[in-house]
Every structure is written in C-alpha cells, then in structure tokens.
Amino acid sequence: MKAMALAEYGPEAPFSQVDMPRPAPDAGQVIVRVQATSVNTIDTMIRGMGTDLGFSPATPAVLGMDFAGTVEEVGEGVTEFAVGDEVYGCAGGLADLQGALAEYMPADVRLIARKPKSLSMREAAAIPLVGITAYEGLQRAGVKKGQKVLVHGGSGGVGHIGVQLARAFGAEVYATDTGEKRLSVVRDLGAEPIDFKADTVEEYVAKHTDGAGFDAVLDTVGAGNLTNSFSAVALNGHVATTLALAELDLSPAHLKGASLHVAFMLIPMLHDTGRAEHGVILAELAGLADSGALKPVVDEARFELAEVGAAYDHLTGGKAIGKVVIDV
C-alpha cells in the first residue's frame, strides 16, 4: 500500500511516499480503507518536535490520527463492525500505532464508531480528535442548560466543535476570535462573537455577564491565555484547557475558587486505558451530527495524500479556518 512517511523529524521535515505491506488486523482490530484524514495541531507538533514529545512514532513514521473510511477486514473477536461499514475515529499516528496517512490502517474497535450518515467522509474525518477533546473538556467543566459558557478560539478546530456542543448541552455560548471572517464563522455556529483584539477581558466580561464572569470557559488556546480564562470565569467556575504546558501564577484561579481541567484525549491511545469511552463519545457525536446539532467546519483548501506537507504547512501558517482535511 502507499503511505506518506517521515524519515526524520523537524519543522521542515519532508514527507515521502513509501510502499508498505498492507497491515493485517490483530484481535480486536479492523483494517480501514482510509478515505480522508484531517490535520491536528498535535500532528504538526509531532512532525516538528519528534522524540522530544515522548510519544512520537519511530521513523519511518506514518502520522495522522483522525480518519474516515470503510472497514475492509475484521480481526478475531470483532462483532461490532463488519466489512463494508463506514467508520470514523482517532486511532493512530503516535507511539506504535500506525497513522492514517496511508491507504489502509489498523484501528482498535474501541476507538472508532460508525460514521455520521449525514456527513461526507471529509466532514467525518474532521471530527474525532477535536470532537472528543471538546466533549471531554465541556463534560469535566460540568456545562449544562442555562449556563453562560465562553470558548476561546471559536473558529478553530476544537473551538468550533466546542461552541456547537455547548449549545447542544443547553448553554448560552460566547466565543473569542478576531478578523471578520473568523468572527462570522463563530456567529454562524450560534455563539455571540467576541473580538479579543477589540475588547479586553474585563470589558467583555462586564458586557456579557454584568461582571459576574462565565460559568465555564473552554480554552483552546491555552498556555498564557489561561490567565485570561481565569479572569473571565465566575466565582467557583470551571476552566477546561487543551494546552496547559506552561508555568503560570494560579493565584487568580485560587482567589475565585475556580477549578482547572486539562483535556488530553490521547491518554487512552497512549496508555490503553479507557479506550471504549472514546467509541461511546464518537457514537454520540455522530448522533448529534445526524440530528443537525453538529457540523464540522472544513477549510476550503483541498489536499491529496501526496500533498500532506502542504496541508501541514497550511495549518501551521495560521490561515486555516476549521479543520484541514486530506483526501486519501
């Protein structure tokens, strides 16, 4: 089978086409004919940082975590899926798990679900990692009907899914971003857009919450922006972040009695613990998509498998809106 692989790591490391044996399924796995895969920030971090991350695959490395495709073969003990089923998931591209930048990939059945019927393969491939991340973050933050929720980075990968899920959970949703095109996306998703370059945290907290703060904040920017999240959250509120790799003064959170939750959805893949929960979440996300409550934003740029390097560069260049998807 054809695959795109990295012979070495680095920000400019090139992807090269290689021929690899088609994988055979282990017990509890299916072989998926990959039809689309999306690029996540963590994929670009693996490419750029390599072994410094601690969970990058050995070279030659086949990356790509998200996928949508068709089951071609089932392994021993698999009863939930059959040949011909259309599935999607986040099941490879790190550690010893082959990724989706290939014609075929093995996938643990606990990490996949049936593809939403209402979505194309490209749209379905845009959901898994960001969908599970947003879902886990909002669940840990206890988001529920009637709350005011703030999402940082509302037009981004995790952010645009987080906006829709928070609305599906019954919350009144606000989202930060900047630039008319991105703010328009936020508005179309059903959130009140906040231009973080036009308004300070204090200004938009006063405007939208009468100074009380938001019940929950989903911070998809993380690191230094967590300080803004602590400023925006209400007393005894919750902040969920996708990026806590920073040294921060937690005094503002302490003085508000705020709880901090870190959403790191790779843990089940890395440690083989709680994998079935991802399959459950993916099935629920598929249901929300088919009900009309969830639709991924797919960036307008199109890439084929041989153009994976350009797709990664498009995402890291900061111009993509929603998810960058590669046709396989």
Side-chain angles (χ1 to χ4, degrees), residues 4 6 10-15 34-49 63-68 88 90 93 99-101 119-134 137 151-165 175-191 193-197 218-223 225 241-243 263 265-266 285 289 294-328:
M4 297 298 290
L6 291 172
E12 305 299 325
F15 290 88
V34 181
Q35 293 177 254
T37 178
S38 64
V39 185
N40 294 290
T41 299
I42 189 64
D43 296 312
T44 66
M45 291 174 65
I46 290 175
R47 178 199 188 190
M49 298 175 65
L63 306 187
M65 298 184 185
D66 287 337
F67 68 88
Y88 78 135
C90 179
L101 293 176
L119 300 184
S120 67
M121 288 289 182
R122 284 174 54 80
E123 291 171 322
I127 291 178
L129 185 146
V130 295
I132 293 171
T133 299
V151 177
H152 283 302
S155 72
V158 177
H160 88 280
I161 299 293
V163 165
Q164 295 177 77
L165 291 182
T176 64
D177 223 309
T178 193
E180 186 49 44
K181 190 171 184 179
R182 292 183 179 277
L183 292 172
S184 179
V185 169
V186 168
R187 189 178 296 108
D188 290 344
L189 292 172
I194 297 172
D195 189 338
F196 66 83
K197 288 189 176 180
L218 176 63
D219 191 340
T220 73
V221 179
N225 194 63
T241 182
T242 62
L243 187 61
M265 65 80 65
L266 301 184
L285 295 176
L294 175 65
K295 188 173 180 65
V297 175
V298 177
D299 188 77
E300 60 187 16
R302 297 186 72 111
F303 302 93
E304 301 294 330
L305 182 59
E307 301 171 305
V308 58
Y312 273 51
D313 294 343
H314 183 64
L315 179 60
T316 57
K319 296 182 179 180
I321 294 180
K323 291 298 297 294
V324 175
V325 175
I326 298 168
D327 295 306
V328 179

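Only a predicted model underlies this, so the values are computations on that prediction, with no experimental measurement involved. As a basis for the values below, the full set of heavy atoms in this structure was taken, side chains included, without hydrogen atoms, waters or symmetry mates.
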Minimum-distance pair of heavy atoms, taken over all atoms of [X] and [Y]:
X    : Y    : value
E123 : L119 : OE1-CA, 3.3 Å
C90  : F67  : N-CE2, 4.2 Å
L218 : G162 : CD2-CA, 3.9 Å
V130 : N40  : CG1-OD1, 3.7 Å
L165 : G131 : CD1-O, 4.0 Å
L294 : I161 : CD1-CD1, 3.7 Å

| query | With respect to D327, which candidate in E304, E307, M121 satisfies the side chain to side chain contact (heavy atoms under 4.5 Å, CB included) definition? | reply |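 Only one of E304, E307, M121 forms a side chain to side chain contact (heavy atoms under 4.5 Å, CB included) with D327, namely E304.
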| task | Could you walk me through whether D313 and R47 pass salt bridge (charged side-chain N to carboxylate O under 4.0 Å, His left out), step by step? | result | CA-CA 11 Å; D313 294 343; R47 178 199 188 190; 3.0 Å; yes
Kindly say whether [Y] contributes a backbone atom to a donor-acceptor pair with the side chain of [X] at under 3.5 angstrom?
X    : Y    : value
D177 : S155 : yes
T133 : V158 : no
D219 : G222 : yes
H160 : G156 : yes
D66  : A126 : no

| message | Would you say CD of E180 has more than 12 non-hydrogen atoms from neighbouring residues, nucleotides or ligands within 6.0 angstrom? | response |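 Yes, enclosed.
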| S38 and K323: side-chain donor and acceptor closer than 3.5 Å? |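 The criterion, which ignores hydrogens and geometry beyond distance, is satisfied for K323 and S38.
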| query | In terms of side-chain heavy atoms, does H152 have a donor or acceptor partner in T176 at a distance below 3.5 Å? | reply |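 Yes - a donor-acceptor pair under 3.5 Å links their side chains.
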